[in-house]
Number of protein chains: 2
Amino acid sequence: MLSHKTKYALKALLYLAQQDENHISRTIEIAEGASIPKKFLEQILLDLKRGHFVGSKQGKYGGYYLLKDKETITLADIHRLFDGAIALLPCASLNFYERCSDCVSESECLLRHGLMTIRDETLKAMQGITIASLVKK
Amino acid sequence: MLSHKTKYALKALLYLAQQDENHISRTIEIAEGASIPKKFLEQILLDLKRGHFVGSKQGKYGGYYLLKDKETITLADIHRLFDGAIALLPCASLNFYERCSDCVSESECLLRHGLMTIRDETLKAMQGITIASLVKK
DNA sequence: CCTAAACTATACTAAATTTATAGAATTTAT
DNA sequence: ATAAATTCTATAAATTTAGTATAGTTTAGG
């Protein structure tokens, strides 16, 4: 399941993707437009900025705008930024690999292979969902 | 990501699936064989029993055994029993449907459709992984 | 240069969930 | 009767999540 943070991030990106080119959206505008607690959204937008998905303009008349092309921002990207690994266990993850604490022998683990198969299929599906594809729907 | 509970449940089922037909495994035996904290495993086995995946025999020489055919126990089943919904949001779930608290209009939600697509693909993949397929690997 | 309006940064808190552990009760074979 | 096992309920510790608070910085415009 997605955390609220990830869901809010996606909703915020969808909001930004629906604005006119060159439009800058204030946090409060996004918060009200997408039903997201404003203070929480501030954090999320900063994270999205650090991830180079959005850009910002500071000071009066400042705000946020989409930095990356909406065709290139995928569900997988946002999931990884906020919720981390796509794989079902860290030992089956590409970007967040970690050995299981209870693992005796990774090479002999019966679970791992199956979970890597799932990871590949889920990842492919999640990379197929972009902000643009969601807006078009 | 899977919770430890779900991971342990899968490891316990894999352990049982590898025993001889008619063999009954004590909790301590499964715990040591699959590196699972014994007391935690007790709870998990009870849950698996309530889900009709395993059967038990009480008293001396008692223990647990696979109740369902290992070909029919899927990753999706165990995920649902312990971690709940497969979908990324409750509003996109088949078995754990719930409206989002921040949802203004479900029919106009841009996220939901994409998440239902992901759910269908993930579910299909997870239903393709069975205890038997994991053991065979 | 002052002020209002906005983003930025860090710390904190409350609630929920997860990961167990403890202990007593019950069941069964011998 | 006893030992060995499951069953049940409660509790505790740790972690994560969701959200709030507060102070600081930046910028446009008068």
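These numbers were taken from a predicted model, which means no experiment stands behind them. Letters A, B, ... mirror the listed sequences (proteins, then strands); counts begin at 1.
- Put simply, CD1 on Ile44(A) is 14 Å from P on dC7(C), counting in whole angstrom units.
- At whole-Å resolution of the value, NZ in Lys60(B) and P in dA5(D) are 8 Å apart.
- Using a cutoff of 4.0 Å between basic side-chain nitrogens and carboxylate oxygens, Asp83(B) and Lys5(B) are not scored as salt-bridged.
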Summary of protein contacts for nucleotides 6-15 of chain D, nucleotide by nucleotide, where a base hit scores B, a sugar-phosphate-only hit scores S (4.0 Å, heavy atoms): SBB-B-----

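- Side chains of Asp120(B) and Thr117(B): no donor on one and acceptor on the other come within 3.5 Å.
- Comparing dA18(D), dA5(C), dT19(C) by their nearest atom to the side chain of Ser3(B) picks out dT19(C).
- Between the side chains of Asp69(A) and Thr72(A), not a single donor N or O lies within less than 3.5 Å of an accepting N or O.
- Applying the side-chain contact (heavy atoms from CB on, under 4.5 Å) test between Tyr64(A) and each of Leu46(A), Leu48(A), Ile24(A) identifies Leu46(A) as the sole match.
- Summarising the geometry, the separation between NE2 on His4(A) and P on dT20(D) is reported as 13 Å, rounded to the nearest angstrom.
- Nucleotide dA18(D) holds its P atom 13 Å from the NZ atom of Lys11(A), rounded to whole Å.
- As rounded to whole Å, 12 Å separates atom P of dT28(C) from atom CD1 of Ile24(B).
- Ion pair Glu42(A)/Lys39(A) flagged as a salt bridge, since at least one NZ, NE, NH1 or NH2 atom sits closer than 4.0 Å to an Asp/Glu carboxylate oxygen.
- Atoms CE (Met1(A)) and C1' (dT17(D)) sit 13 Å apart, rounded to a whole Å.
- Separating the CZ atom of Phe40(A) from the C1' atom of dT8(C) is a distance of 17 Å, rounded to the nearest angstrom.
- Comparing the start and finish of the helix from dC1(C)-dG30(D) to dT30(C)-dA1(D), five pairs each, the helix axis swings through 10°, to the nearest 10 degrees.
- Nucleic acid contact class of Tyr61(A) (heavy atoms, under 4.0 Å, all strands): sugar-phosphate only.
- Counting only N and O atoms by type, the side chains of Glu29(B) and Tyr15(B) include a donor and acceptor under 3.5 Å apart.
- Inspection of the His23(A) and Gln18(A) side chains reveals no N or O donor paired with an N or O acceptor under 3.5 Å.
- The closest donor-acceptor contact from the side chain of Arg119(B) to the backbone of Ala92(B) lies under 3.5 Å.
- Listed for the Lys11(A) side chain is a donor-acceptor partner under 3.5 Å among the backbone atoms of Ala34(A).
- The side chain of Tyr8(A) contributes an N or O atom lying less than 4.0 Å from OP1 or OP2 of dG19(D).
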